[in-house]
Amino acid sequence: MKNMAAVVHHTLTPGGVELREHPVPEIGPDDVLLAVRGVSVCGSDVHQYHNSHSWRVNVPVVLGHEFGGEIARAGREVSAFREGDRVVSETAAVICGTCAYCRSGEYNLCPKRMGFGYGVDGAMAQYVKVAARCLHRLPKSVTFERASLTEPCCVAYNACVVKSRIRPGDTVVVFGPGPIGLLCLQMAKLCGPGRLAMVGVEADRERLEVAKKLGADAAIAGDPMTWIRETGDGLGADVVIDAAGVSQTLRASLDVVRPGGQITKVGWGPQPLGFSLDPLVQKAVTLTGSFSHTYKTWEAVLALLENGAMNLDSIVGAVEPLEKWQSAFDAMYSRQVIKAVLTPLQ
Ligand SMILES: [Zn+2]
Ligand SMILES: [Zn+2]
């Protein structure tokens with residue numbers, strides 16, 4: 001069996017990740033073997049590297065779930081794609097295909113769902129095995145570097161467009177100017193809000209500048225309540241997107257949301273809340289969780305990438321060969337770059 005280079009999460013200890021030789025995957029009749037051309041580093045990859053993740057990881061596993069590439073080989077039952085096609089892949093690597101969610105198109109919620117990079121081998125490698133049902137054709141004008149950000153753009157689209165309802169003229173607040181937050185800002189902008197604020201902490205100063213460049217009317221380090229009181233009728237935001245995830249942010253979200261408004265939580269945080277949810281009741285707020293994405297979201301996002309509606313240049317701070325995975329991870333961890341992309345095959 002042939003080997004390839006892969007970034008493997010091998011043990012559940014801090015630093016339990018290394019670049020090593022790994023067998024080239026065997027594919028089944030419904031799979032393709034994808035030659036990976038671009039894989040972006042997710043905060044979750046960095047968490048797994050530091051062993052600070054809060055989800056089950058099937059070690060050893062190849063990291064990476066945000067990727068695109070060229071089909072090197074197609075299984076014999078695959079009819080919609082062929083060798084040489086440029087594609088991106090969804091993240092639900094394994095689903096049962098028969099539960100109520102799978103059968104009704106919400107396969108992102110399948111109880112048996114397993115994603116690339118923690119459940120099954122991901123794309124920080126020269127090759128990855130992908131079920132053909134996960135694939136989408138990549139428009140010619142979209143480079144593989146940009147294509148590797150399709151997945152986080154889909155996360156933002158699901159949160160801002162599918163799970164939230166932003167009407168033209170609305171006041172929108174996004175918490176957390178990380179990669180997902182900055183992409184949520186851009187998705188929210190595409191919905192035509194009247195006013196939009198990005199909120200972060202002191203350490204986010206540089207990212208808040210990026211938020212301004214991306215069209216935020218206000219970029220606030222700390223408490224957004226002054227801005228809220230001075231904005232519109234002063235009663236609060238119609239829609240709040242929580243892309244930070246810590247408990248404190250949900251508390252702040254409940255402060256800034258207007259009565260009858262909506263909070264969509266896309267950021268994760270394993271800590272318990274530690275405060276009362278009474279304002280949720282009193283303000284009759286709709287609190288919605290947003291997880292992953294499905295087919296139509298991918299097609300919509302690819303159309304947006306094709307027509308240049310998303311500014312990804314201000315998000316991608318480094319493009320490195322696979323061998324430089326560690327410095328790419330470190331640069332994201334230390335906030336030197338917002339997002340790094342690895343290019344396994346040149
Ligand atoms: Zn991700
Ligand atoms: Zn299912």
Side-chain angles (χ1 to χ4, degrees), residues 7 9 17 30 36 38-50 52-57 61-68 88-125 128 130-131 133-134 136 145-160 176-184 186-187 241 243-245 265-269 289-295 297-298 301 305 310 312 315-318 325 328-329 332-333 337-342:
V7 179
H9 188 184
V17 172
D30 297 312
V36 182
V39 50
S40 68
V41 182
C42 179
S44 67
D45 297 311
V46 181
H47 270 301
Q48 284 181 226
Y49 174 45
H50 290 277
S52 56
H53 56 279
S54 54
W55 50 94
R56 226 187 94 118
V57 177
V61 70
V62 179
L63 289 176
H65 60 270
E66 307 176 354
F67 61 98
V88 285
S89 170
E90 296 188 26
T91 49
V94 175
I95 55 172
C96 79
T98 55
C99 75
Y101 296 99
C102 284
R103 292 185 62 187
S104 55
E106 287 187 292
Y107 49 86
N108 55 325
L109 304 180
C110 171
K112 298 263 165 63
R113 176 192 185 278
M114 277 200 295
F116 293 105
Y118 71 89
V120 301
D121 280 345
M124 287 189 187
V128 59
V130 183
R133 62 163 174 80
C134 294
H136 295 260
E145 281 164 29
R146 299 288 172 270
S148 67
L149 267 76
T150 312
E151 197 273 340
C153 286
C154 289
V155 170
Y157 188 99
N158 194 62
C160 298
I180 296 296
L182 291 168
L183 294 172
C184 282
Q186 296 191 52
M187 281 301 170
I241 308 288
K265 195 172 180 332
V266 62
W268 298 72
S290 177
F291 177 69
S292 198
H293 28 63
T294 53
Y295 182 91
T297 290
W298 278 75
V301 165
L305 296 185
M310 302 293 291
L312 302 181
I315 309 282
V316 177
W325 70 273
F329 277 41
M332 274 179 63
Y333 185 69
V337 302
I338 297 171
K339 202 143 177 85
V341 174
L342 301 172

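Remember, it's 1-based here, ligands and their atoms both numbered in the order they're listed.
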Under 2.8 Å from the Zn ion (ligand 1), which protein N/O/S atoms are there? C42 SG, H65 NE2, E66 OE2

Are R113 and E106 close enough for a salt bridge, meaning some N to O gap below 4.0 Å? no

Whether the side chain of T297 engages the backbone of H293 through a donor-acceptor N/O pair (distance < 3.5 Å, no angle test) should be reported. no

Taking the six-membered ring for Trp and the full ring for Phe, Tyr or His, determine whether the centres of Y333 and H50 are under 6.0 Å apart. yes

Centre-to-centre under 6.0 Å for H136 and Y295, is that the case here? yes

Angle in degrees, rounded to 10°, that SG of C99 and SG of C102 form at the Zn ion (ligand 2): 110°

How are the rings of H53 and W55 set relative to one another: parallel (under 30°), tilted (30 to 60°) or perpendicular (over 60°)? tilted

What I want to check is whether the side chains of E151 and W298 have a donor and an acceptor closer together than 3.5 Å. no

